[in-house]
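All figures in this text were calculated on a predicted structure; none of them were measured in a lab. Order of the sequence lines fixes the chain letters, A, B, ..., with proteins taken first and strands second; residue numbering starts at 1 for each chain.
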Amino acid sequence: MGKIIPNKNPMREQPPEERIKNFNEVPYGYSPEEAIAEAHRCLQCKKPLCVDGCPVEIDIPGFIGFIAEKKFKEGIVRLKEKNILPAICGRVCPQEEQCERECILGKKYEPVAIGRLERFLADWERENIEIEIPVLPKSTGKKVAVVGAGPAGITAAADLVRFGHTVEIFEALHEPGGVLVYGIPEFRLPKAIVFKEIDFLSKMGVRLHTDTVIGMIKSLDELLEEYDAIFLGTGAGLPWFMGIPGENLNRLYSANEYLTRANLMKAYLFPKYKTPIAKGKRVATVGGGNVAMDCARTALRLGAEESILIYRRAKEQMPARNEEIHHAEEEGVNFQLLTNPIAFHGENGWVKEAECIRMELGEPDDSGRRRPVPIDGSNIKIPVDIVIIAIGNSPNPLIPATTPDLEITRKETIVTDLQTGKTTKRGVFAGGDVATGAATVILAMGAGKTAAKGIHEYLTSGEW
Amino acid sequence: MVKILHKEHIVPNIHEFIVAAPDIAKKARAGQFVIVIPDKYAERIPITIADWDNEQGTISILFLEIGAGTQSLAALNTGDEIFSFTGPLGRSFEIKKYGTVGLVGGCYGIGAIYPLAKALKECGNKVVCYSEARSRFLLYWNEKLESVADEVRYSTTDGSLGSKGHSHDLLKENLESGEYYDMVFAVGCTYMMYKIAHTTKPYGINTIVSMNPVMIDGTGMCGACRLEVGGETKFACVDGPHFDGHKINWDIVLDRRKAYIEEEIISKERL
Ligand SMILES: Cc1cc2nc3c(=O)[nH]c(=O)nc-3n(C[C@H](O)[C@H](O)[C@H](O)COP(=O)(O)OP(=O)(O)OC[C@H]3O[C@@H](n4cnc5c(N)ncnc54)[C@H](O)[C@@H]3O)c2cc1C
Ligand SMILES: Cc1cc2nc3c(=O)[nH]c(=O)nc-3n(C[C@H](O)[C@H](O)[C@H](O)COP(=O)(O)OP(=O)(O)OC[C@H]3O[C@@H](n4cnc5c(N)ncnc54)[C@H](O)[C@@H]3O)c2cc1C
Ligand code: SF4
Ligand code: SF4
Ligand code: FES
């Protein structure tokens with residue numbers, strides 16, 4: 001081991017003034033030389049703390065060691081033992097709160113760029129070698145229905161086929177991928193990558209039924225007549241509004257609607273793709289998470305002259321990944337922090353103004369963050385022609401509404417045993433955002449893995 | 001993908017497709033809808049299930065050719081595959097014995113009230129249908145409706161069949177002359193449903209309207225279809241599309257209708 005290099009090898013990216021004019025991915029990824037250099041920064045710890053920070057416990061020093069030795073193929077195999085979607089996680093995991101936060105180097109210097117290395121290997125594999133299909137065990141004769149083709153469902157399905165079960169996925173939309181496809185924009189996660197990863201599943205024999213809304217076309221009880229177990233990975237898709245005056249004005253969107261139009265329906269290629277999306281000069285996004293950053297940055301790319309982000313707390317408390325906040329700032333998003341909308345005003349039905357009140361930070365609340373308190377009389381009016389509400393989502397109520405014996409919590413999440421993925425209904429398992437409320441891709445994947453184990457145990461023991 | 005088994009141009013500007021969709025046919029109930037994407041580039045278009053045949057495994061849809069989306073749909077022919085076809089979606093009408101029911105249908109709604117009339121009749125209701133169009137040659141499914149309803153009353157703007165004017169004019173006349181309905185259902189263009197709700201209100205007749213806001217996913221995920229009903233925000237795709245016509249905030253509905261006017265024009269010009 002040579003001298004410690006204090007900083008991460010930088011990753012080249014599109015310059016901000018260029019990239020706000022297109023939907024191409026922002027960072028370019030490491031070249032093999034850059035990846036090898038970065039891999040050499042890793043100390044190959046005997047007790048790697050980084051692994052504790054990864055929800056799916058990837059052998060991080062293991063795959064990084066292979067990169068350092070230029071054995072990319074061995075590296076990707078090691079990586080995929082624990083994570084079948086590395087090209088995605090390498091791009092969207094909040095590494096600074098997970099693996100990289102625990103990395104020993106990070107105590108004094110910058111941590112090893114684990115996410116970038118993960119992305120490098122996955123991209124290298126996709127671009128250079130025919131992806132190998134793992135040898136599957138003999139069929140168990142058991143059939144499992146996976147509902148929802150988001151990261152939780154995809155991961156559960158992949159593990160279940162590898163246990164030898166027959167797996168079919170049912171997805172409500174016309175494309176699989178969940179939020180990866182309808183929510184996270186192209187410039188952050190190219191859809192071709194997501195489809196390639198999903199293609200891997202069908203190569204392993206998983207059958208995918210799109211356009212299939214479970215709860216409507218089939219109830220869970222009807223599915224249980226055909227399948228031995230069910231995994232619910234239906235996500236948290238129901239958008240919240242603020243419940244303040246003016247929210248039904250035209251050109252006021254939920255983040256889901258705005259992003260679904262832009263991503264899933266490809267409205268950014270309008271009019272080649274026919275789904276319209278409003279293009280405004282002054283676009284205000286309300287919220288401070290990844291979703292809000294994605295909306296504010298999408299608005300710029302759709303031609304907004306001013307993309308304003310309205311968030312009621314301070315920057316330090318924003319739930320978005322640092323990288324997203326940084327990218328949004330570079331691109332010129334106008335942050336109106338400690339500011340909260342109290343009403344939207346319109347003209348002939350079209351939104352024209354966001355009336356906001358300034359906030360200050362008071363005592364910490366349940367989440368441990370200092371609670372924002374409105375400052376009396378500090379009202380301001382921000383002229384806008386589009387507003388996007390990105391303040392959160394709760395689980396889609398369709399399945400619980402049509403399955404009375406499935407217990408849900410007060411937050412509308414499905415009651416799920418986190419150790420096994422079991423719900424309160426025999427044969428039905430759940431995981432991901434539908435069980436935890438809106439969280440992250442990697443946690444949804446972790447939940448999919450846990451449930452796959454739980455399902456396998458149930459199917460082999462027959463015991464609930 | 002589903003296959004179009006039969007396409008018919010039933011009246012100028014309205015097409016009927018019969019498609020092979022056995023799973024949907026098994027589950028369909030009056031008042032539910034499907035979301036259709038005609039081809040890879042098209043929008044997601046909500047369309048009511050106008051009829052279904054569980055034995056044949058088919059469902060029928062009727063649609064008005066208006067903008068770019070429905071034009072791409074109309075461009076498909078018998079034997080073609082529809083890129084994406086999802087359903088059944090939404091809640092069905094509540095089918096039970098009400099007594100005497102009035103069903104009002106205009107444009108695609110004439111087709112949509114057919115399964116409703118059939119189901120309500122089977123439940124023992126007296127069913128009176130009101131079918132309206134601009135002119136006689138734009139009315140369709142007359143015999144079909146007559147075969148299931150106790151009575152079908154026509155109104156045309158030019159007076160070429162039935163009474164001259166709109167169905168709300170005719171309904172108003174009938175109510176004024178002492179007719180009574182235990183329940184009224186209206187399906188068709190927004191303005192027609194608004195007028196019907198307006199007409200029945202003074203008589204205190206419960207009126208269900210089938211709202212048709214802009215939709216995307218149709219599963220409760222985007223909020224595009226939201227309406228204000230009785231002061232609360234509702235998502236038409238999962239909470240509806242049928243709501244109490246007297247509780248709807250019509251001002252908001254009529255404003256939201258025009259949300260994409262400019263884009264609709266661009267998209268149509270490109271075709
Ligand atoms: C805009 C945006 C940006 C984000 N950015 C990040 C990020 O940078 N990093 C990160 O880690 N996380 C991010 N997240 C969060 C992350 O995407 C989610 O936590 C994750 O996708 C949850 O996975 P899931 O499989 O539980 O659900 P989802 O991804 O929501 O997938 C659920 C799937 O189930 C389908 N479905 C729902 N109901 C039914 C039904 N009845 N029948 C059939 N199918 C059904 C849905 O159509 C959907 O495809 C972001 C989320 C959003 C919205
Ligand atoms: C639950 C539901 C059921 C429906 N059932 C049917 C049906 O059975 N048959 C049928 O023909 N149509 C039905 N509609 C309406 C249909 O979805 C629209 O006509 C269609 O989306 C218009 O798409 P377009 O691209 O052709 O037109 P656009 O270019 O989107 O619009 C052209 C014109 O139509 C108006 N328009 C847009 N959307 C709608 C709408 N949802 N309803 C009425 N006018 C609209 C616009 O304001 C514009 O003036 C239904 C809608 C809903 C929500
Ligand atoms: S999956 Fe996420 S948390 Fe785990 S090592 Fe990769 S980037 Fe880090
Ligand atoms: S903690 Fe950091 S230095 Fe140690 S093995 Fe993990 S990545 Fe390498
Ligand atoms: S159409 Fe998206 S929520 Fe109703």
(request) Tell me, for B/Ile37 versus chain A, whether the close heavy atoms (under 4.5 Å) come from the side chain, the backbone, both or neither. (result)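 Contact with chain A: side chain only.
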(request) Please flag which part of B/Lys26 lies under 4.5 Å from any non-hydrogen atom of chain A: side chain, backbone, both or neither. (result)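 No part of it gets close to chain A.
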(request) Against chain B, work out which of A/Gly243, A/Pro239, A/Ser254 has the most heavy-atom pairs shorter than 4.5 Å and name it. (result)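 Heavy-atom pairs under 4.5 Å are most numerous for A/Pro239.
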(request) Output the option from A/Ile217, A/Asn256, A/Thr275 having the highest count of non-hydrogen pairs under 4.5 Å with chain B. (result)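 Between A/Ile217, A/Asn256, A/Thr275, the count favours A/Ile217.
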(request) Determine yes or no for a side-chain-to-main-chain donor-acceptor pair under 3.5 angstrom, with A/Asn248 supplying the side chain and B/Ile252 the backbone. (result)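 Side chain of A/Asn248 to backbone of B/Ile252: no pair is present.
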(request) Among residues two or more places apart or on two chains, list those pairs meeting ring-ring contact (aromatic ring centres under 6.0 Å, His included) that have a residue in residues 29-61 of chain B. (result)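 Sorted result for residues 29-61 of chain B: A/Tyr273-B/Tyr41.
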(message) Rounded to the nearest 0.5 Å, what separates atom NE2 in A/His174 from atom NZ in B/Lys40?
(response)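 Atom-to-atom, A/His174:NE2 and B/Lys40:NZ are 11.0 Å apart.
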(message) Working to the nearest 0.5 angstrom, can you tell me the gap between B/Arg44 CZ and A/Leu264 CG?
(response)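 Separation between the atoms: 6.5 Å.
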Which pair of non-hydrogen atoms, one from [X] and one from [Y], has the smallest distance, and what is that distance?
X        : Y        : answer
B/Arg226 : A/Leu252 : NH2-O, 2.9 Å
A/Lys274 : B/Ala68  : CD-CB, 3.8 Å
B/Thr219 : A/Leu398 : O-CD1, 4.2 Å

(request) Examine whether an atom of A/Tyr182 lies under 4.5 Å from a heavy atom of chain B, and if so say whether it belongs to the side chain, the backbone or both; otherwise answer neither. (result)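 Only the side chain of A/Tyr182 comes within 4.5 Å of chain B.
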(request) Decide, yes or no, whether a salt bridge links A/Glu222 with B/Lys27 under the criterion of side-chain N to carboxylate O below 4.0 Å. (result)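 Looking at B/Lys27 together with A/Glu222, the answer is yes, because their closest N to O distance falls below 4.0 Å.
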Residue, of [options], that accumulates the most heavy atom pairs under 4.5 Å with chain A:
options                                : value
B/Gly223, B/Pro88, B/Gly220            : B/Pro88
B/Ala224, B/Gly218, B/Gly90            : B/Ala224
B/Thr233, B/Asn249, B/Leu227, B/Ile216 : B/Ile216

Donor-acceptor list for residues 208-216 of chain A side chains, cut-off 3.5 Å, not counting sequence neighbours:
residue  : atom : partner  : partner atom : Å
A/His209 : NE2  : A/Glu168 : OE1          : 2.5
A/Asp211 : OD1  : B/Ser84  : OG           : 3.0
A/Asp211 : OD1  : B/Thr86  : OG1          : 3.3
A/Asp211 : OD2  : B/Ser84  : OG           : 3.1
A/Asp211 : OD2  : B/Phe85  : N            : 3.3
A/Thr212 : OG1  : A/Thr210 : O            : 2.7

